[in-house]
There are 2 protein chains.
Amino acid sequence: MAERARRGAPLTLEEIATTAVRLMDEAGVEGLSMRKLASELDVNPMSLYHHVENKEALLKLICATAAERMRVPPDDGSPWQEQLRELALAYHRNAKEHPALWGYLHTHPEVISHRGLPLWSALYRILRLAGVPEPEVRRTGDILHAFVSGFILAEINGHMPDDPEEIERNYDTAVHLIINGLAGF
Amino acid sequence: MAERARRGAPLTLEEIATTAVRLMDEAGVEGLSMRKLASELDVNPMSLYHHVENKEALLKLICATAAERMRVPPDDGSPWQEQLRELALAYHRNAKEHPALWGYLHTHPEVISHRGLPLWSALYRILRLAGVPEPEVRRTGDILHAFVSGFILAEINGHMPDDPEEIERNYDTAVHLIINGLAGF
DNA sequence: GCGTCAGCCATACGGTGTATGGCTACTCGA
DNA sequence: TCGAGTAGCCATACACCGTATGGCTGACGC
């Protein structure tokens with residue numbers, strides 16, 4: 001009774017979060033349960049609740065850290081079309097690394113709506129570079145993000161061809177569409 | 001024992017589906033459970049399984065019928081820009097009528113990928129009208145649909161302003177973006 | 001020595017989807 | 001008319017879920 005079930009170091013939030021991400025990567029959002037997570041950590045399910053308020057908060061946490069850690073290409077002085085393309089590519093790559101996580105994130109957008117995220121500042125910078133008038137920057141950014149979300153969700157959920165070459169073409173078409181659309185303003 | 005719990009007419013698939021939709025409208029995807037649905041129909045939970053294979057099949061069913069019943073504006077001979085706008089508007093309106101349902105649908109796109117749907121034939125027609133070369137029609141259609149999905153999901157999930165006027169502006173910007181993007185090809 | 005508290009855990013509650021099997025009431029062929 | 005078969009429904013049970021409650025242990029400050 002007095003024994004901790006778990007041998008070794010005490011539980012940490014960090015450890016909880018990374019195992020949760022692993023479980024999601026392996027088995028999707030539905031593959032992550034507090035009980036499985038606990039058993040994976042060799043710990044009683046209720047122990048998790050000393051580090052995390054509840055499951056939703058845990059999901060929010062790992063989504064937020066994923067969003068914060070997203071690598072955004074720096075301003076290299078190239079034309080906005082190129083930079084927008086690179087940003088979209090980076091976003092895409094990021095999402096494909098943890099599909100389930102980004103799938104959840106895109107259906108709970110409040111997680112990513114925090115405007116301090118590198119994603120947003122990069123996007124806004126590029127939109128300004130493209131000549132989008134200041135009062136329209138945020139709206140336009142939201143819409144572009146929604147578009148890319150849709151594209152990525154469709155891909156994650158299998159509503160896209162399997163052939164990687166075909167996907168590449170889809171991606172090119174999509175980015176072209178967006179760039180042309182922006183250029184037309 | 002011999003008594004049916006439920007008085008009156010026997011259960012029908014139709015009835016099951018419509019109450020399921022109602023429950024989803026009222027309380028979201030998570031508000032729909034086989035047990036609640038059964039109790040709403042004054043029936044034992046297991047009775048549902050004589051009409052539906054399982055919950056997923058039920059969801060698929062109601063999504064599919066919603067997609068089939070979607071009202072698509074007819075070809076009125078107006079320019080493709082106008083028609084595309086109208087189609088997007090119709091889609092938007094449809095989705096807002098049953099937000100939870102369309103939220104689910106957009107995260108399970110296999111449901112809507114059936115190419116016989118009015119949505120797809122209308123979209124393809126308009127794309128051809130816009131001069132999209134035949135081998136690109138389907139790809140372009142998929143991408144546009146993904147974009148609109150993203151926009152609508154963002155709206156459904158609250159990642160858009162509340163002010164209806166602002167939403168309208170967002171919508172206009174989005175459609176403009178798409179139309180400009182297409183026109184640039 | 002004593003109180004406080006962080007960390008962990010056992011138990012329990014109410015919810016979920018659904019497998020299994022049994023009961024009725026009907027239809028249909030002989 | 002009489003079985004056989006079957007469609008429809010239901011009772012029970014299982015395995016799983018998130019988490020409220022409350023209790024234990026061991027470290028720390030006084």
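In what follows, chains carry the letters A, B, and so on, assigned in the order in which the sequence lines appear, proteins first and then strands, with residues in each chain numbered from 1. Keep in mind the model is a prediction, meaning the values are calculated, not measured. We use all heavy atoms of the structure for the numbers below, so side chains are in, but hydrogens, waters and symmetry mates are not.
Residue Leu32(A) contributes atom CG, which lies 16 Å from atom P of dC16(D) at whole-angstrom precision. Atom CD in Glu40(A) sits roughly 12 Å away from atom P in dC17(D) (whole-Å rounding). Here the P atom of nucleotide dG8(D) and the CG atom of Leu41(B) are 15 Å apart, to the nearest Å. To the nearest angstrom, P of dG7(C) lies 16 Å from CG of Asn44(A). As rounded to whole Å, 9 Å separates atom P of dG18(D) from atom CG of Leu37(A). Following rounding to the nearest Å, Lys55(B) (NZ) and dT16(C) (P) show an atom-to-atom distance of 9 Å. In this entry the distance linking CG of Leu13(B) with P of dG8(D) reads 11 Å, nearest Å. As a whole-Å value, the separation of Glu30(B) CD from dC17(D) P is 16 Å.
If you check dG17(C), dA19(C), dT19(D) against the side chain of Met34(B), the one that comes closest is dG17(C). Distances were taken from every side-chain heavy atom of His50(B) (C-beta onward) to each of dG18(D), dC9(D), dT18(C); the shortest belongs to dC9(D). Between dC8(C), dC9(D), dT16(C), one nucleotide has an atom nearer to the side chain of Lys36(B) than all others, and that is dT16(C).
For dG18(D), the OP1/OP2 oxygens have a side-chain nitrogen or oxygen of Ser33(A) closer than 4.0 Å. Taking side-chain N and O atoms only, His51(B) has a distance below 4.0 Å to OP1 or OP2 of dC9(D). In this model, the phosphate group of dC9(C) is approached by a side-chain N or O of Ser47(A) to a distance below 4.0 Å at OP1 or OP2.
For the residue pair Glu155(A) / His92(A), a side-chain donor-acceptor distance below 3.5 Å is found, with atom types taken as modelled. Between Ser149(A) and His106(A), the side chains place a donor N or O and an acceptor N or O closer than 3.5 Å (distance only, hydrogens not considered).
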Next on the checklist: As a quick check of understanding, evaluate side-chain contact (heavy atoms from CB on, under 4.5 Å) for Val175(B) and Phe151(B), giving each step before the final call.
Outcome noted: CA-CA 10 Å; Val175(B) 173; Phe151(B) 184 86; over 6 Å; no
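Residues Ile16(A) and His51(A) come closest through the heavy atom pair CD1-CB, 3.6 Å.
Of the inter-residue distances, the one linking Leu177(B) atom CG with Leu182(B) atom CG reads 11.5 Å to the nearest 0.5 angstrom.
In terms of polar N and O atoms assigned as donor or acceptor, the side chain of Arg35(A) comes within less than 3.5 Å of the base of dG18(D) in a complementary pairing.
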